[in-house]
Amino acid sequence: MRKTIEKRIRSPFPLYIAAGCILLSGLILPLYRVWGILLTAAVSAAAYFISKRFFPDRIELVEVEPEYRTGIKELDESLNEASDRLRSLRGMAGSVSDARINAAIVRMVKAGEAILDELNANPHKARSMRRFLTYYLPTSEKLMLSYKKQANTGFSGENIDEIKTTVEENAETIAKAFESSLDSLYAGDALDITSDADVLEKMVNSDREI
């Protein structure tokens, strides 16, 4: 999943003002003397720090793509390739006129990013996602790219209409497949939690009997 970081944007105007003070001082003060150099430096520094109050730095929130580093080379390569495919899908969201397709793409991207985050945190689960990484995701990207291409041609024909209809009829199914893949990642966790809850309940009941 993409992360949002703060990026500091420095205003160039304080530097321009300080540079202007140096040029102006060069016309007025004798820069061939030490006191002239020191005074110029002091004036330009003061101008810089004072102007910073009027032209402060801006803080912008920037989204950055995640880097997957599980320590397993093959898995890292697979996750980064999958991230590129999700980025491609994300770029298609909103670019086609069919609201159902756009909604399905948003669901695919959301579930896909959650899957990659979970695999990055728990690499041992990667084996269960092999079909998702090698088939579901690349095939879905291919289908959506084909749909976008045909939808944006502005033409209609038997083959073009067949491609569009096929994708439109299966978009919901594809999105559900992504979400089902994500849900399956937590099957073991759900079993562990259920077992822990059962043990805890037994302990509580045992304490009540004492």
* Roughly how far, to the nearest 0.5 Å, is CD of E141 from CD1 of I105? -> 11.0 Å
* To do: Dump the intermediate steps for side-chain contact (heavy atoms from CB on, under 4.5 Å) on S11 and R58, then the final yes or no.
  => CA-CA 8 Å; S11 173; R58 291 183 294 109; over 6 Å; no
* Hey, does L145 have a side-chain heavy atom less than 4.5 Å from the side chain of L89? -> no
* Asked: So, do R107 and E172 sit near enough that their side-chain heavy atoms are less than 4.5 Å apart?
  -> yes
* Structure fact -> Between A104 and A175 the two heavy atoms that sit nearest each other are O-CB, 3.9 Å
* Asked: Roughly how far, to the nearest 0.5 Å, is the CG atom of L79 from the CD atom of E77?
  -> 10.5 Å
* Please report the C-alpha distance between I174 and Y136 in whole Å, then the side-chain angles of each, then the deciding distance to 0.1 Å, and finally whether the side-chain contact (heavy atoms from CB on, under 4.5 Å) criterion is met. => CA-CA 8 Å; I174 296 171; Y136 286 176; over 6 Å; no
* Check step by step if side-chain hydrogen bond (donor to acceptor under 3.5 Å, both in side chains) holds for D76 and T70. => CA-CA 6 Å; D76 288 345; T70 64; 2.7 Å; yes
* Asked: Any sub-3.5 Å donor-acceptor pair from N122's side-chain atoms to H124's backbone N or O?
  -> no
* Given the rule in the ring pair (Phe, Tyr, Trp, His ring centres under 6.0 Å) test, do F178 and F132 qualify, once you have shown the distances and angles that lead to the verdict? -> CA-CA 8 Å; F178 275 54; F132 172 82; 5.0 Å; yes
* Between L185 and S128, which heavy-atom pair has the shortest distance, and what is it? -> CD2-OG, 3.9 Å
* To do: Verify side-chain contact (heavy atoms from CB on, under 4.5 Å) between I115 and L137, making sure each step is shown before the conclusion.
  => CA-CA 11 Å; I115 288 173; L137 180 54; over 6 Å; no
* Asked: Okay, side chain of D98, backbone of I101: is any donor-acceptor separation there less than 3.5 Å?
  -> yes
* **Minimum side-chain heavy-atom gap M144-S88 below 4.5 Å** => no
* Asked: Taking all atoms of both residues into account, what is the closest heavy-atom pair of L143 and V167, and its distance?
  -> O-CG2, 3.9 Å
* Asked: Taking the side chain as C-beta and beyond, is there a heavy-atom pair between L15 and R10 under 4.5 Å?
  -> no
* Could K125 and Y186 be counted as a cation-pi pair, given that NZ or CZ must be under 6.0 Å from the ring centre and within 45° of the axis? -> yes
* State plainly whether one hydrophobic cluster holds both V34 and I28, where clusters connect Ile, Leu, Val, Met, Phe, Trp and Tyr through side-chain heavy atoms under 4.5 angstrom apart. => no
* Does the salt bridge (charged side-chain N to carboxylate O under 4.0 Å, His left out) test come out yes or no for E179 and K110, once each step is laid out? -> CA-CA 9 Å; E179 292 165 347; K110 184 177 180 179; over 6 Å; no
* So, for A93 and V106, which heavy atoms are closest and what is the spacing to 0.1 Å? -> CB-CG2, 4.2 Å
* Check: S146 side chain, K142 main-chain N or O, donor-acceptor pair, under 3.5 Å -> no
* Asked: Y16 and I9: same hydrophobic cluster, using ILVMFWY side-chain contacts below 4.5 Å?
  -> no
* Asked: Considering only heavy atoms from C-beta outward, does the side chain of V43 approach that of L39 to under 4.5 Å?
  -> yes
* In Å, rounded to the nearest 0.5 Å, how long is the span from CE of M129 to OG of S184? -> 3.5 Å
* **Backbone N/O of E74 and side chain of S78: donor-acceptor pair under 3.5 Å** => no
* Can you name the closest pair of heavy atoms from I160 and Q150 and give their distance? -> CG1-OE1, 3.4 Å
* Asked: Does a side-chain heavy-atom distance below 4.5 Å link I37 with L29?
  -> no
* Asked: What is the minimum heavy-atom distance between C21 and A47, and which atoms define it?
  -> SG-CB, 3.5 Å
* Asked: Roughly how far, to the nearest 0.5 Å, is the CE atom of M108 from the CZ atom of R90?
  -> 14.0 Å
* Asked: With the threshold set at 4.0 Å, does a side-chain nitrogen-carboxylate oxygen contact exist between K52 and D57?
  -> yes
* Walk me through it: do E81 and R85 pass the test salt bridge (charged side-chain N to carboxylate O under 4.0 Å, His left out)? => CA-CA 6 Å; E81 180 180 348; R85 294 189 185 281; 3.1 Å; yes
* Determine yes or no for a side-chain-to-main-chain donor-acceptor pair under 3.5 angstrom, with S44 supplying the side chain and A41 the backbone. => yes
* Quick one: does E168's side chain get under 4.5 Å of Y147's, heavy atoms only? -> yes
